[in-house]
Structure formats: structure tokens, C-alpha cells
Amino acid sequence: MSDLPVPSPEADLGGAAFIRAHTDLAPAPFVPGVLLHQADEPIGLWELTESEYSSDRPPPFWAFAWAGGQALARYLLEHPEAVRGRTVLDLAAGSGVVGIAALKAGAARVRAVEVDSTAVAAIELNAAANGVAVDAELGDILAGESGGVDVVLAGDVFYSKAMSDRMLAFLRRAARHGARVLVGDPERAYLPRKFFTPLTRYDVPVPHALESVTVKHTTVWELA
């Protein structure tokens with residue numbers, strides 16, 4: 001997968017064909033029983049999605065199993081009571097690993113929201129590969145409400161000041177409306193720790209090309 005072809009202007013840069021062409025379906029490194037379409041050469045795919053044919057697209061966060069999402073997904077599989085029988089919102093869902101794990105743990109319904117149309121396609125492909133059905137949705141809902149769900153999940157979302165501020169405001173509104181809020185975070189700089197209580201910690205394997213390390217110390221937190 002390291003030799004990425006240059007797409008034509010007519011190529012399907014936002015759908016299943018693109019995802020299948022540039023990823024492999026493989027086990028998530030830290031989430032037992034979950035398969036994901038993953039890129040094995042991060043830099044090449046990153047450059048491809050920033051090419052002249054797709055310069056308006058977000059980076060391909062959907063193509064990698066990020067530490068925060070993997071830790072949160074693992075937590076749900078180990079603690080299925082957190083989501084069993086409940087309606088769940090997976091924010092900035094990326095590959096969909098958290099929502100998929102929630103369904104495998106017994107969630108009644110999962111709505112996974114992303115701002116990238118390719119991520120939405122990846123979530124649908126990954127869900128199908130795991131024999132579950134996720135309601136994947138394209139949109140930015142952070143200025144709104146959580147929609148009355150029981151549990152809100154967010155993996156690895158505190159990677160910038162702007163995103164952290166918007167995400168925290170949304171999560172606090174969701175909690176005020178009765179949702180339980182869980183996040184997975186690998187010690188990102190903008191995690192607003194004072195609002196959260198740690199539940200468990202994991203050492204999550206990650207690609208060195210993405211994180212400059214091979215393991216990220218990652219915590220699952222609950223909004224206090």
C-alpha cells in the first residue's frame with residue numbers, strides 16, 4: 001500500500017472505492033474483534049488527500065486507529081454496562097471504531113457524526129465489516145444539542161484549542177441534559193482535565209509515523 005497512485009480528477013475521492021483502494025481491512029491493534037479499513041503508510045495517504053483534486057477535504061483521520069478512540073472502544077468492550085441498551089452519540093467518529101465497539105457491547109443505537117464525507121463512508125464500510133449498523137451522519141453539530149441520547153462518546157478530540165473549546169461546550173450541554181459523557185484522550189495538550197474524572201488508563205500501540213512514538217499512554221475520562 002505504500003505506492004499510492006495519483007488519482008484522476010474524476011476519481012471517487014469521497015467514497016467506498018477510494019477507501020478500499022488505499023486501505024487494508026485489518027484488526028484494530030487494541031480493540032479485540034474489531035476490523036477497520038486502515039492505511040499502512042500514513043504520510044502517502046495524507047499527501048494524497050491534500051492533492052490538487054481534494055484540497056478542500058479534511059485530513060484522513062478516518063484511516064487510522066487513533067489512541068483515544070481505541071482506548072474508549074476497549075473500555076466499552078470491557079465495561080458493556082456503560083452502553084448496553086442505550087442510545088449513543090459518537091462525536092468526530094473518524095473510522096467509527098468507538099461506535100462499532102458500543103454496538104458490540106450492546107448499545108441499542110449509535111449515531112456517529114463526522115464533518116468529512118469520506119469518514120462517513122469509512123464508518124459505513126467498517127460497520128458492515130463488523131456486522132453492525134451505525135447511523136453515520138455528515139455534519140457539524142457542536143453548536144447544537146446531543147439529541148436526547150443516553151451516552152455521548154468522543155475519542156481523541158482535544159487536539160487543538162478551537163476544537164477543545166467547542167467540544168467541551170457541547171459535552172457539558174449534553175451532560176446537563178442527562179447524558180453520560182465518556183472521552184478517550186492520549187494526553188493531548190488541550191484536554192480540559194479539570195472537568196473530567198479518570199476511569200481507567202491504557203498503553204495503546206500507535207503508528208510511529210503518526211505519533212513519533214509506538215505507544216501512547218491513554219486515559220478514558222468521564223465528564224464530572
Side-chain angles (χ1 to χ4, degrees), residues 30-31 61-62 66-116 119-120 123 127 132-202 204 216-224:
F30 197 67
V31 191
F61 295 127
W62 52 267
W66 297 89
Q70 287 201 84
L72 186 51
R74 178 71 169 262
Y75 178 84
L76 298 178
L77 294 178
E78 292 180 350
H79 301 273
E81 68 280 0
V83 292
R84 185 184 295 123
R86 293 176 168 85
T87 57
V88 172
L89 173 62
D90 181 9
L91 285 171
S95 66
V97 63
V98 175
I100 290 166
L103 287 165
K104 284 181 170 288
R109 176 176 177 264
V110 171
R111 175 189 177 204
V113 180
E114 254 292 344
V115 297
D116 181 359
V120 172
I123 292 165
V132 297
V134 175
D135 296 331
E137 176 183 325
L138 179 66
D140 181 345
I141 66 170
L142 293 184
E145 304 295 337
S146 59
V149 297
D150 301 313
V151 183
V152 177
L153 305 172
D156 226 328
V157 295
F158 297 109
Y159 50 81
S160 73
K161 179 67 164 59
M163 180 65 163
S164 179
D165 289 347
R166 296 187 70 220
M167 183 62 67
L168 179 62
F170 180 93
L171 296 178
R172 296 184 74 189
R173 287 196 302 274
R176 285 196 296 270
H177 284 89
R180 186 182 186 193
V181 176
L182 303 177
V183 305
D185 187 88
E187 302 180 353
R188 301 296 185 201
Y190 297 100
L191 171 70
R193 286 170 174 77
K194 68 179 182 180
F195 294 101
F196 291 90
T197 300
L199 298 179
T200 193
R201 292 181 174 87
Y202 299 106
V204 182
K216 291 289 287 185
H217 306 298
T218 306
T219 303
V220 175
W221 302 83
E222 181 168 5
L223 188 64

Exercise for the section: Return the minimal non-hydrogen interatomic distance between I100 and A127, and the atom names on each side. Expected result: CD1-N, 3.7 Å
Completion exercise
Of all heavy-atom pairs linking V88 and A107, the shortest is CG2-CB, 3.9 Å
Practice task
Only one of L142, V98, L153 passes side chain to side chain contact (heavy atoms under 4.5 Å, CB included) with L91; say which it is.
Solution key: L142
Exercise for the section: State the NZ-CZ distance between K161 and R166, to the nearest 0.5 angstrom. Expected result: 13.0 Å
Completion exercise
Taken to the nearest 0.5 Å, the spacing of T219 OG1 from Y75 OH works out to 12.5 Å
Exercise for the section: Heavy atoms only: give me the nearest A67-V204 pair and the separation to one decimal. Expected result: CA-CG1, 3.9 Å
Completion exercise
residues 171-185 vs side-chain hydrogen bond (donor to acceptor under 3.5 Å, both in side chains), sequence neighbours excluded, gives R180-E222
Handout entry: Rounded distance (nearest 0.5 Å) linking atom CG of L72 with atom CH2 of W221
Key = 13.5 Å
Problem - Least distance between heavy atoms, A92 atom then M163 atom - result: CB-CE, 4.1 Å
Exercise for the section: Looking only at non-hydrogen atoms, find the nearest pair between D135 and R109 and report the distance. Expected result: OD2-NE, 2.7 Å
Problem - Any side-chain heavy-atom pair of V157 and F170 under 4.5 Å - result: no
Problem - Interatomic spacing from CD in E114 to CG in D140 - rounded to 0.5 Å - result: 10.0 Å
Donor-acceptor list for residues 144-151 side chains, cut-off 3.5 Å, not counting sequence neighbours:
from: D150; atom 1: OD2; to: T87; atom 2: N; distance (Å): 2.9
from: D150; atom 1: OD2; to: T87; atom 2: OG1; distance (Å): 3.1

Exercise for the section: With R188 as the cation and F158 as the aromatic partner, state whether NZ or CZ is under 6.0 Å from the six-membered ring centre and within 45° of the axis. Expected result: no
Practice task
Could you tell me how the ring of W66 sits relative to the ring of F61: parallel (under 30°), tilted (30 to 60°) or perpendicular (over 60°)?
Solution key: perpendicular
Exercise for the section: Could you tell me whether the side chain of I141 reaches within less than 4.5 Å of the side chain of R111, counting heavy atoms only? Expected result: yes
Exercise for the section: Using atom types as modelled and distance alone, determine if a side-chain donor or acceptor of R86 lies under 3.5 Å from a backbone N or O of E81. Expected result: yes
Problem - Polar side-chain atom of E137 near backbone of V113 as donor-acceptor pair, under 3.5 Å - result: no
Fill in the blank from the handout: The single option from K216, Q70, H217 that satisfies side chain to side chain contact (heavy atoms under 4.5 Å, CB included) with P186 is K216
Completion exercise
CH2 (W62) and CG (D116) are apart, to the nearest 0.5 Å, by 8.0 Å
Handout entry: Heavy-atom closest contact (I123 atom, A93 atom, distance)
Key = CD1-CB, 3.7 Å
Practice task
Kindly check if the number of other-residue, nucleotide or ligand heavy atoms within 6.0 Å of OH (Y190) is above 12?
Solution key: no
Exercise for the section: Measure the spacing between CG of D90 and CG of L182 and express it to the nearest 0.5 Å. Expected result: 11.5 Å
